[in-house]
Amino acid sequence: MAKIEIYTKAWCGYCTRAKRLLSSKGVEYTEHDITMGGKKREEMMQRKPDAMTVPQIFIDDAAIGGSDDLAALDASGKLDQLLGL
């Protein structure tokens, strides 16, 4: 199974959408809440310097992008392969 990480903020509808899609696939993911900034936000920026929004999703350490990118992967049928399903 793939290693999935998602950087989120509280009250973010796009974050909720991405987490719901991942949960519907039955996969586990690690959520990093960066609402208040801090070390996890710095970590996200180091991993993806051009990241200006959340969520930021990483699958096996590869930057996937945000909620729309995740949904596009699912619609194209490529998400299951990335998730190892």
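What's counted below: heavy atoms across the whole structure, side chains too, no hydrogens, waters or symmetry copies. Keep in mind that this is a model prediction, so the values were computed, not measured.
Put simply, I6 and W11 are part of two different groups of oily side chains (I, L, V, M, F, W, Y) that touch within less than 4.5 Å, one to the next. In the hydrophobic cluster analysis, where Ile, Leu, Val, Met, Phe, Trp and Tyr join through side-chain heavy atoms closer than 4.5 angstrom, M44 is grouped apart from I64. A single hydrophobic cluster is not seen to contain both M36 and I34; linkage of ILVMFWY side chains at heavy-atom distances under 4.5 Å, directly or through other members, places them apart. Note on Y14 and M52: separate hydrophobic clusters, where clusters join Ile, Leu, Val, Met, Phe, Trp and Tyr whose side-chain heavy atoms are under 4.5 Å apart, directly or indirectly.
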Is there a side-chain hydrogen bond (donor to acceptor under 3.5 Å, both in side chains) between Y7 and R47 once you walk through the steps? CA-CA 11 Å; Y7 293 84; R47 293 177 80 181; 3.0 Å; yes
Can L73 and D80 be said to form a side-chain contact (heavy atoms from CB on, under 4.5 Å), step by step? CA-CA 9 Å; L73 283 171; D80 287 352; over 6 Å; no
Steps toward side-chain contact (heavy atoms from CB on, under 4.5 Å) verdict (L70, S67): CA-CA 5 Å; L70 188 68; S67 179; 5.7 Å; no
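For CZ of R17, the number of neighbouring non-hydrogen atoms (other residues, nucleotides, ligands) closer than 6.0 Å is greater than 12. Within 6.0 Å of the NZ atom in K25, the count of heavy atoms belonging to other residues, nucleotides or ligands exceeds 12. The 12-atom threshold is exceeded at OH of Y29, counting heavy atoms of other residues, nucleotides or ligands nearer than 6.0 Å. Annotation: E43, atom CD; neighbour count of heavy atoms from other residues, nucleotides and ligands within 6.0 Å is above 12.
Not a single donor-acceptor pair under 3.5 Å links the side chain of S23 to the backbone N or O of R20. The backbone N or O of A2 lies less than 3.5 Å from no partner atom in the side chain of D60, so there is not a single donor-acceptor pair.
Within the 4.5 Å cutoff, the side chain of F58 has no heavy atoms near those of the K3 side chain. The side-chain heavy atoms of D69 and I57, taken from C-beta on, include no pair separated by under 4.5 Å.
There is no side-chain donor-acceptor pair under 3.5 Å between T30 and E5.
In plain terms, the two heavy atoms of A10 and D33 that are nearest each other are N-OD1, 4.2 Å. Minimum heavy-atom separation, V27 to L22: CG2-O, 3.2 Å. Residues T8 and K19 come closest through the heavy atom pair CG2-CD, 4.4 Å. The minimum heavy-atom distance between A18 and P55, with the atom names listed, is CB-CG, 4.0 Å. Of all the heavy atoms in C15 and V54, the pair that sits closest is SG-CG2, 3.7 Å.
Summarising the geometry, atom CZ belonging to R41 is positioned 6.0 Å from atom NZ belonging to K9; distances are rounded to the nearest 0.5 Å.
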